[in-house]
Amino acid sequence: MEELSQLLKVRREKLQAIREAGVNPYPYSFERTHKASQIFDGFDSFTENETVALAGRISAIRKMGKASFCHITDDSGKIQLYIARDIIGVENYQIFKKLDIGDFLGVKGYVFKTKTGETSIHADSIELLSKNIRPLPIVKEKDGVLYDAFADKELRYRKRYLDLIVNPEVKKTFITRSKIISALRKFLDQNEFLEVETPILQPIYGGAAARPFETHHNTLDMKLYLRIADELYLKRLIIGGFEKVYEVCKNFRNEGMDKTHNPEFTAVEFYWAYADYNQAMDFVEELIRFVADEAVGTQKFHFRGFDVDFSQKFARESMSDLVKKHGNFEILDATEEELYAFCKSKNIEVEKGLNYGQLVDEIFSEVVEPHLIQPTFVIEYPKAISPLAKTHRNGDDRIVERYELFIAGKEFANCFSELNDPIDQRNRLEEQSKLRDAGDEEAHPVDEDFLEAMEYGMPPTAGVGIGLDRLIMLMTNNDSIKDILLFPQMRPSNE
RNA sequence: GAUUCGGUAGCUCAGCUGGUAGAGCAGCACCCUUUUAAGGUGAUGGUCGACGGUUCGAAUCCGUCCCGAGUCACCA
């Protein structure tokens, strides 16, 4: 047992003293009649004859000789209590004097306003509901200015519960996160999509280009991967006869971490039989407007220093037109040598030995992406980087029916007219397999079971993936993914 | 991975060119029955991220490592 610091010792001594006074510091329940916000909202309807009962965590305390004030905070807000010795009794007042910020307190009393006009509860009785034995960060505030704010990012991420207790705007962000995901479900449900769950532990990973986490199942004695995407399972369900399915999907990718990448993150993917990527564009546009409206109540957002507006029709431009517009270069007829030459002329650093598709992708990221501020569907991608998408119906064999949605220079959604020709699909995955053998750790492995499923017949289908963390960052104006994940991945601290 | 900045009391921070650790808030004792960054008086509180080195002496200088943030690179 570590030596307790003086502060911790004092709290434990208080706890002991409370027990010795015959008070259980951890009772079982408390009947509430109101939450804090209801007292403020309904102030005029309360009289001194009406007893209300509230409970919450003590968030501020001002002790005086024979009467004191404190604030308690519940999930609706905070409210002040007035606690006078002559009303609650000498013994109870002694107990109250031992309480700290961080303790949970129940109160019964009547509603009144202090002489400075603050709506408060005049306590008839108080009840300790849980004693805190470790001091909370103390944040004070006057006229909207915070003093001693709990601001250390490392501590905030590692001890998110403290962040939530003392930083109300953090709590708000996570409430909005929850609303966004629930609005998304509502929209998909209303459009008759069926929510499904597919395996997180997969014998073969696929559906995206990424390096996986590996694990091991003891009974089966086999290697399993944490999914990098649920795409191939959702397509099996389309093959199985579900016509509209979706999954809110935790994905795991064993790659670098930074402001926009956490090893586990949340996406939604949905698959829509008999539809193509054009219909899926209209649908995603509607979806985003619905979610914005339902969860945040606006179509205008500020993100990464840009103002974006969802109320205008989203732009739709082909990848090659965009490179022409921003780079004055024609990618469709370019050879790999010409693409390399273009990169050099624009000072774009690229590795040796990239193929056509990878080079185009590089050029697009450098030359075009920073310009895509208002929502823009970028359409017609090179086939080489889209092994699960259908060749374009216009007959151009180099491109596929695919779009990505860009907002504020970042990608938010990815969609294909899904490839459903089993022989073409096998060829494309075998191409990927060659890239793997050549050392591309992110190329897709061949999933024989998936290919076999497709051989039984898959309807024409549109498939969409949306990165929810990014959407949440945008809609809550946070530039770091760590600020919209309750428990972002951190190295263990050695404290 | 490269690079910059940072890690000192529960929280927020100061402590520069080496002389043995400081403030505010919190906590503790006493006073205080409408306060609200409550107030007053007093006494406390530290493995200065870790380990080495230089030195009579290291929070401070040097080295290695750990943790975080920012930027860049990589990465859907």
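In this text, all values refer to a predicted model and were calculated from it rather than measured experimentally. Excluded from the calculations below are hydrogen atoms, water molecules and symmetry mates; all remaining heavy atoms, backbone and side chain alike, are included. Lettering of chains follows the sequences in order, A, B, ..., and the numbering in each one begins at 1.
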Is any side-chain N or O of [X] closer than 4.0 Å to OP1 or OP2 of [N]?
| X | N | value |
| --- | --- | --- |
| A:R491 | B:G68 | yes |
| A:K482 | B:G68 | no |
| A:K259 | B:U71 | yes |
| A:K153 | B:C67 | no |
| A:K63 | B:C31 | no |
| A:R62 | B:U35 | no |

Looking at residues at least two apart in the chain, or sitting in another chain, which of them share a ring-ring contact (aromatic ring centres under 6.0 Å, His included) with A:F342?
A:F329
Do the side-chain N and O atoms of [X] and [Y] include a donor-acceptor pair separated by under 3.5 angstrom?
| X | Y | answer |
| --- | --- | --- |
| A:E380 | A:Y277 | yes |
| A:R402 | A:N414 | yes |
| A:E418 | A:T461 | no |

Which pairs would a plain distance check flag for residues 39-52 of chain A, meaning a side-chain donor or acceptor within less than 3.5 Å of a matching protein atom at least two apart in sequence or in another chain?
from: A:S45; atom 1: OG; to: A:G42; atom 2: O; distance (Å): 2.7
from: A:T47; atom 1: OG1; to: A:N49; atom 2: N; distance (Å): 3.2

Which base sits across from [N] as a Watson-Crick or G-U pair, both distances under 3.5 Å?
| N | value |
| --- | --- |
| B:G6 | B:C67 |
| B:C72 | B:G1 |
| B:U54 | none |
| B:A29 | B:U41 |

Using atom types as modelled and distance alone, determine if a side-chain donor or acceptor of A:R304 lies under 3.5 Å from a backbone N or O of A:A408.
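Answer holds: yes.
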Tell me what [X] touches on the nucleic acid: a base, only sugar-phosphate, or nothing, going by heavy atoms under 4.0 Å.
| X | value |
| --- | --- |
| A:F112 | base |
| A:A149 | sugar-phosphate |
| A:Y147 | base |
| A:A209 | sugar-phosphate |
| A:E13 | nothing |

Quote, to the nearest angstrom, the [atom1] distance that separates [N] from [M].
| N | M | atom1 | answer |
| --- | --- | --- | --- |
| B:G18 | B:U55 | C1' | 9 Å |
| B:G10 | B:C48 | P | 12 Å |
| B:C61 | B:A14 | P | 15 Å |
| B:A38 | B:G22 | P | 27 Å |

Report yes or no: is the cationic atom of A:R177 (NZ for Lys, CZ for Arg) closer than 6.0 Å to the six-membered ring centre of A:F174, at no more than 45° off its axis?
no
Any N or O donor-acceptor pair under 3.5 Å from the base of [N] to the side chain of [X]?
| X | N | answer |
| --- | --- | --- |
| A:Q80 | B:U35 | yes |
| A:D148 | B:G24 | yes |
| A:D152 | B:C11 | no |

On RNA chain B, compare the nucleotides closest to A:E404 and A:Q489; which residue's is nearer the 5' end?
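So the residue in question is A:Q489.
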Per nearest nucleotide of RNA chain B, the residue lying toward the 5' end, A:V139 or A:K113, is A:V139
Name the atoms and distances for all side-chain donor-acceptor pairs under 3.5 Å in residues 122-129 of chain A, with sequence neighbours left out.
none

Parallel, tilted or perpendicular: which describes the rings of A:F310 and A:F314, with under 30° parallel and over 60° perpendicular?
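Ring orientation, 0 to 90° scale: tilted.
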Could you give the [atom1]-to-[atom2] distance, from [X] to [N], as a whole number of Å?
| X | N | atom1 | atom2 | result |
| --- | --- | --- | --- | --- |
| A:N251 | B:C75 | CG | C1' | 15 Å |
| A:N132 | B:G27 | CG | P | 11 Å |
| A:K98 | B:G27 | NZ | P | 13 Å |
| A:L8 | B:C11 | CG | P | 11 Å |

Quick one: which protein N/O atoms are closer than 3.5 Å to N/O atoms of nucleotides 42-45 of chain B? Pair and distance per line, please.
from: B:U44; atom 1: O2'; to: A:Q6; atom 2: NE2; distance (Å): 2.9
from: B:G45; atom 1: O4'; to: A:Q6; atom 2: OE1; distance (Å): 3.3

Can I get a per-line list of side-chain donor-acceptor pairs under 3.5 Å for residues 360-373 of chain A, giving both atom names and the distance, sequence neighbours left out?
from: A:S365; atom 1: OG; to: A:D361; atom 2: O; distance (Å): 2.8
from: A:H371; atom 1: NE2; to: A:V367; atom 2: O; distance (Å): 3.4

Contact list (N/O, under 3.5 angstrom) for nucleotides 3-6 of chain B vs protein:
none

